[in-house]
Amino acid sequence: MRDSLPYVLILYYSRYGATRSMAEQLAAGVESCPGIEARLRTVPPVSPTCEAVDPEIPAEGAVYADLEDLRHCAGLALGSPTRFGNMAAPLKYFIDSTSALWLNGVLVDKPATAFTSTSSLHGGQETTLISMLLPLLHHGMVYAGLPYSETDLMTTTVGGTPYGASHLAGQRSDQPLADAERRLVRAQGERLGRLALALGHLREKAS
Ligand SMILES: Cc1cc2nc3c(=O)[nH]c(=O)nc-3n(C[C@H](O)[C@H](O)[C@H](O)COP(=O)(O)O)c2cc1C
């Protein structure tokens with residue numbers, strides 16, 4: 001018998017705060033689902049010289065993720081700023097440390113999604129989301145984007161894609177989430193929460 005609620009892991013990197021504000025909205029969406037919690041975790045920055053070791057507790061924002069956060073999640077949302085049309089290196093670096101979980105198939109059949117923030121509208125939101133989709137598929141996760149039943153997808157003039165939520169943060173990464181962007185990332189969290197519960201029940205039945 002489980003003594004705590006299942007949780008969706010929201011694992012993100014954010015240098016200037018835009019992706020972090022998306023992560024917080026996605027968490028609110030997850031927690032609007034009765035019976036499941038959101039767990040926010042981040043990853044430390046990386047640098048070309050790797051002697052430096054970051055303090056164990058970051059100065060602000062979520063605490064750093066470890067592999068146990070990932071092992072026990074019921075669902076996973078990956079968030080990253082767009083960097084040259086791709087996910088940021090710190091998130092990729094963390095994902096590259098997950099081979100032991102992959103070998104044991106611990107993420108197989110769990111739902112996953114991705115979200116991103118950019119400075120420019122056509123600066124690579126979709127390619128970044130797809131770059132995050134790739135390792136999730138290798139882990140055997142079930143990718144859930146955003147369906148067009150979320151009608152903001154049809155009308156948004158800022159972020160929001162069927163591949164996952166996105167945010168146009170502007171040149172200084174200081175634009176707040178637009179209403180449509182906020183609704184979409186919340187809907188994504190709510191959907192991920194529902195899917196995590198449903199797939200969790202299916203996995204329990206099968207075991
Ligand atoms: C190295 C680097 C590469 C970037 N590449 C892109 C890019 O390809 N397209 C884009 O629109 N913005 C790009 N940006 C801007 C960030 O994606 C944008 O500022 C984002 O909102 C930052 O998110 P954060 O506030 O969570 O750190 C880049 C920023 C950096 C530092």
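Excluded from the calculations below are hydrogen atoms, water molecules and symmetry mates; all remaining heavy atoms, backbone and side chain alike, are included. We count ligands from 1, going down the list as the structure has it; atoms in each ligand are counted the same way. Only a predicted model underlies this, so the values are computations on that prediction, with no experimental measurement involved.
For atom 5 (N) of ligand 1, the nearest non-hydrogen atom of the protein is F84 N, 2.9 Å. Among all non-hydrogen protein atoms, the one lying nearest atom 21 (O) of ligand 1 is S117 OG, 2.7 Å. Scanning the protein for heavy atoms near atom 31 (C) of ligand 1, the closest one is R83 NE, 3.7 Å. Protein heavy atom closest to atom 15 (C) of ligand 1, with residue, atom name and distance, is S119 OG, 3.7 Å. The protein atom (non-hydrogen) at minimum distance from atom 28 (C) of ligand 1 is T82 O, 3.4 Å. Of the protein's heavy atoms, G123 O, 2.8 Å lies nearest to atom 9 (N) of ligand 1.
Any N or O atom pair closer than 3.5 Å counts here, and P81 shares no such pair with ligand 1. Residue R20 has no nitrogen or oxygen atom sitting less than 3.5 Å from a nitrogen or oxygen atom of ligand 1, judged on distance alone. In terms of polar-atom proximity, S120 is counted as a contact of ligand 1, with an N or O under 3.5 Å from an N or O of the ligand. Taking distance alone, with nitrogen or oxygen atoms compared against 3.5 Å, G170 stays at or beyond that limit from ligand 1.
Close approach of ligand 1 to S173 (heavy-atom distance below 4.0 Å) involves ligand atoms 19 (O), 20 (C), 21 (O), 22 (C), 23 (O), 24 (P), 25 (O). Atoms of ligand 1 lying under 4.0 Å from any heavy atom of R15, numbered from 1 in the order shown and given with element: 24 (P), 26 (O), 27 (O). Shown in contact with T19 at under 4.0 Å from a heavy atom are these atoms of ligand 1, numbered in order with element: 23 (O), 24 (P), 26 (O). Taking every non-hydrogen atom of G17 and a distance limit under 4.0 Å, the qualifying atoms of ligand 1 come out as 24 (P), 25 (O), 26 (O). Atoms of ligand 1 found under 4.0 Å from any heavy atom of G85, numbered from 1 in the order shown, are 8 (O). Set against the non-hydrogen atoms of Y16, the atoms of ligand 1 under 4.0 Å away are 24 (P), 25 (O), 27 (O).
Using a 4.0 Å cut-off between charged nitrogen and carboxylate oxygen, R186 and E190 do not count as a salt-bridge pair.
Q125 pairs with exactly one of S120, S117, S166 by the side chain to side chain donor-acceptor pair (under 3.5 Å) rule, that one being S166.
A donor-acceptor pair under 3.5 Å is formed between the side chain of R191 and the backbone N or O of G145. A donor-acceptor pair under 3.5 Å links the side-chain atoms of D66 to the main chain of E68, judged by distance alone. In terms of modelled atom types and a separation under 3.5 Å, the side chain of Q175 and the main chain of G170 share no donor-acceptor contact.
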(request) Give the C-alpha distance, both sets of side-chain angles, the deciding distance and a yes or no for side chain to side chain contact (heavy atoms under 4.5 Å, CB included) between T19 and F115. (result) CA-CA 8 Å; T19 313; F115 56 98; 3.8 Å; yes
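In the model, T98 has a side-chain atom that pairs as donor or acceptor with a side-chain atom of H139 under 3.5 Å. For the residue pair T128/N86, the side-chain donor-acceptor check at 3.5 Å is not satisfied.
One finds the CG atom of L9 at 7.5 Å from the CZ atom of R41 (value rounded to the nearest 0.5 Å).
Of all the heavy atoms in P81 and T116, the pair that sits closest is C-OG1, 3.7 Å. Nearest heavy-atom pair, T82 versus G124, reported as atom, atom and distance to 0.1 Å: OG1-O, 3.8 Å.
Contacts with ligand 1 closer than 4.0 Å are made by side-chain heavy atoms of A169 only, the backbone lying farther away.
Contact annotation: G124 has no heavy atom less than 4.0 Å from any atom of ligand 1.
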